[in-house]
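Below is one structure, written out as structure tokens, with a few remarks after it.
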Amino acid sequence: MRNFIAPSRSIAVGERGMAATSHPQATLAAIEILKAGGNAMDAAIAAVALQGVVEPQMTGIGGDCFVIVSPKAGKPVALNGSGRTPANTDLAKVLASGTKEIAPNSTDAVTIPGAIDAWCRLNATHGSMSLEQIFKPAIDAAENGFRITPRVALDWSKFRARLESNAAAKAQFLPGGVAPGIGDRRDQPALAKTLRKIARDGRKAFYEGEIAEEMASELQKLGGSHSVSDFAAHTSEDVTPISTSYGGHDVYECPPNGQGLAALMILRTLAGYDIKALSQVDRIHLLAEATKAAYRTRDAFFADPAHVKINVAHFTSDATINAIRSKIDMKKASAPVDWDDIEHTDTVYVTVVDRDLNAVSFINSLFNPFGSGIYAPKSGVLLQNRGWGFRLDAQHPNALAPNKRPMHTIIPGMLMKGERSVMPFGVMGGHYQSTGHANFLSNIFDLGMDIQSASEAPRSFAFDGVLSLESTLPKSVGDELAARGHDVRWPDMPLGGCQAIWIDHERGALLGATDHRKDGVALGY
């Protein structure tokens with residue numbers, strides 16, 4: 001039971017259905033779909049589609065997604081909805097131009113959006129409603145307008161420079177050069193028309209015909225090698241989730257090209273310690289050291305498995321994890337790990353459980369705030385910049401290459417107990433997500449927190465040579481960590497955001513959580 005005097009949120013309680021998202025309208029849309037007879041997948045797609053309208057800095061149909069589904073609380077299955085580079089991608093040509101790294105607002109950063117193919121495929125395999133029904137909330141908001149919530153307003157203003165780099169994007173999202181404030185009204189009429197076409201004609205409306213032609217044309221105008229055939233050729237991929245044990249449960253993640261394997265490595269490392277017996281400083285230090293080791297491995301080896309063989313079992317083996325633990329000094333920070341990837345990314349995470357206990361863990365992203373900033377005005381599509389994660393070293397597993405998916409940061413999670421799912425969960429925040437998954441689960445199983453408290457707890461993140469601490473941690477904690485050799489910083493933005501739903505099979509109850517770092521809510525009925 002939480003302290004009702006201290007600022008906090010109550011855990012959401014339901015029985016027939018539960019949804020948790022980072023935006024209140026999206027959560028409400030999901031619940032309304034469930035009440036109308038839809039299932040968890042119908043509700044999740046409805047929520048994500050709406051978020052692409054009301055949280056355009058976070059997500060949209062120009063982005064990618066990954067999904068884990070547990071049908072009727074059973075064996076989890078997964079879908080990789082990430083896009084690939086154009087067939088004519090030429091690393092030698094990019095290097096010959098003098099480019100040292102891919103620019104975040106360049107066409108080289110734009111991979112073919114995978115979200116719509118994934119949504120349509122998920123709707124066909126796991127849904128029960130038509131896309132016309134599912135897209136209604138998103139189309140209504142895009143056509144008739146929506147009000148700006150506080151976190152959306154903050155992000156829109158803070159990251160407006162990406163929109164200013166593209167005239168069409170600036171005209172749509174910064175009319176008169178002004179970013180919207182809290183409570184302002186915005187609409188996306190072009191996006192509404194595109195959603196209507198997709199609802200009527202399915203994936204081909206997006207990947208073939210005038211919408212694909214406009215996206216390819218806009219990219220080609222800016223020097224991109226994207227063609228209509230690249231869009232037509234895109235397809236999602238069914239994948240087998242990977243897992244490890246923690247706290248008497250099995251934790252499932254999507255395999256690479258996502259970074260879920262790094263989350264499993266961190267959990268395996270933490271499992272060798274009595275976390276509850278450690279001080280808060282020790283716990284943060286240990287998490288930082290486990291993160292550095294896992295992310296060093298991630299950045300050296302994780303890539304598109306269609307191009308590079310990745311031995312998952314090796315990276316989670318006792319030999320690998322024992323080697324990591326043997327190098328951790330609890331009194332001294334190890335050498336920093338420096339990334340040449342980007343730091344801040346934007347994502348939405350949605351989780352829904354329905355009356356039949358279908359559990360959906362769904363994450364959708366443009367990568368950077370407002371993606372590449374490249375906008376197709378007639379179609380209302382803001383294109384992602386996931387290709388920014390590629391390396392320009394031809395020998396690197398994650399090197400830029402034709403028809404290749406980049407290493408992805410977005411990861412949905414699913415917790416199982418025996419043969420039944422007990423918690424779909426996700427922690428947004430770009431590179432933070434693997435660390436966030438591990439920390440969230442450790443809070444639950446090692447420190448005995450409920451899922452709402454676990455999501456609200458202060459966060460830390462060892463990234464790019466810096467140990468970031470949220471300001472809810474005491475200064476004395478930062479001082480002790482600095483004394484151990486960490487470069488401690490206190491960022492002005494929160495670390496990520498969390499949603500989760502706990503399925504209490506014994507009592508037949510659904511318990512939902514969403515943290516204070518976003519605008520969202522968890523609702524059950």
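Residue indices begin at 1 and follow the sequence shown.
Put simply, the side chain of R268 reaches to within 4.5 Å of the side chain of D318, judged on heavy atoms. Here the side chains of P494 and R151 are in contact, with some heavy-atom distance below 4.5 Å. Annotation: side chain of L286 is in contact with side chain of I275 (closest heavy-atom distance under 4.5 Å). Within the 4.5 Å cutoff, no side-chain heavy atoms of N364 are placed close to those of T347. Using a 4.5 Å heavy-atom cutoff, the side chains of F301 and I310 are not in contact. With a 4.5 Å cut-off on side-chain heavy atoms, H126 and N39 do not count as touching. Proximity of V348 to E55: side-chain heavy atoms (C-beta onward) are separated by under 4.5 Å at one or more points. Considering only heavy atoms from C-beta on, L79 comes within 4.5 Å of R121 through its side chain.
Remark: the backbone N or O of A323 is paired with a side-chain donor or acceptor of S326 at under 3.5 angstrom. Checking side-chain atoms of S365 against main-chain N and O of F367 turns up a donor-acceptor pair under 3.5 Å. Between the side chain of K417 and the backbone N or O of G248 there is at least one donor-acceptor pair closer than 3.5 Å. Side-chain atoms of H226 never come within 3.5 Å of backbone atoms of A87 as a donor-acceptor pair (strictly under, hydrogens ignored). Although no hydrogens or angles enter the test, the distance criterion places a donor-acceptor pair under 3.5 Å between the side chain of R484 and the main chain of M330. Judged by distance alone, with hydrogens and angles left aside, the side-chain atoms of H285 form a donor-acceptor pair with the main-chain N or O of D329 at under 3.5 Å. Side chain of E456 to backbone of R9: a donor-acceptor contact under 3.5 angstrom is found. Here the side chain of T27 pairs a donor or acceptor atom with the backbone of T21 at under 3.5 angstrom. Side chain of D117 to backbone of G81: no donor-acceptor contact under 3.5 angstrom is found. With D464 contributing its side chain and V466 its backbone, the two residues share no donor-acceptor pair below 3.5 Å.
With rounding to the nearest 0.5 Å, the separation of CZ in F302 from CG in N257 is 11.0 Å. I11 contributes atom CD1, which lies 6.5 Å from atom CD of Q452 (distance to the nearest 0.5 angstrom). Taking NZ of K327 as the reference point, atom NZ of K292 lies at 14.0 Å (rounded to 0.5 Å). For the atom pair F390 CZ and L400 CG, the distance stands at 6.0 Å (nearest 0.5 Å). Between I324 atom CD1 and T269 atom OG1 the span is 4.5 Å, to the nearest 0.5 Å. Separating the CD atom in E470 from the CG atom in L495 is a distance of 4.5 Å, to the nearest 0.5 Å.
Each of I451, L441, I68 was checked for a side chain to side chain contact (heavy atoms under 4.5 Å, CB included) with F425, and the lone residue meeting it is L441. The only option from D42, V360, V67 that meets the side chain to side chain contact (heavy atoms under 4.5 Å, CB included) definition with L122 turns out to be V67.
Judged purely by distance below 3.5 Å, without hydrogens or angles, the side chains of D446 and S442 pair a donor atom with an acceptor atom. Q384 and S372 are not linked by any side-chain donor-acceptor pair at a separation below 3.5 angstrom, with hydrogens and angles left out of the test. Side-chain contact, N358 with D354: a donor N or O sits under 3.5 Å from an acceptor N or O. Remark: the T409 side chain and the Y432 side chain contain no N/O donor-acceptor pair separated by less than 3.5 Å. Under 3.5 Å, the side chains of D479 and S476 contain no donor-acceptor pair of N or O atoms. For the 3.5 Å distance criterion, the side chains of H437 and E253 qualify, holding a donor opposite an acceptor.
With respect to R459 and D515, a salt bridge is recorded, a charged nitrogen being found less than 4.0 Å from a carboxylate O. Classification of R405 and D64 as a salt-bridged pair fails, no side-chain N sitting under 4.0 Å from a carboxylate O. A salt bridge links R489 and D487; the closest N-O separation between the charged side-chain nitrogens and carboxylate oxygens is under 4.0 Å. Salt-bridge check for R420 with E506: passed, with a basic side-chain N closer than 4.0 Å to an acidic carboxylate O.
Between G496 and K518 the shortest heavy-atom distance is O-CE, 4.1 Å. Across P255 and V239, no two heavy atoms sit closer than the pair CD-CG2, 3.8 Å.
A cation-pi arrangement is absent between R162 and F370 under the rule of less than 6.0 angstrom and at most 45 degrees off the ring axis. Cation-pi geometry between R203 and F206 is not met: the NZ or CZ atom fails to fall both under 6.0 Å from the ring centre and inside 45° of the normal.
Below 30°, between 30° and 60°, or above 60°: for H234 and Y207 the angle between ring planes is below 30°, a parallel geometry.
Listed by first and then second residue, the ring-ring contact (aromatic ring centres under 6.0 Å, His included) pairs that reach into residues 59-82 are F66-H408, sequence neighbours excluded.
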Run the side-chain contact (heavy atoms from CB on, under 4.5 Å) test on L481 and I284 for me, step by step, so that the C-alpha distance in whole Å, both residues' side-chain angles and the decisive distance to 0.1 Å come before the verdict.
CA-CA 8 Å; L481 290 163; I284 294 172; 3.6 Å; yes
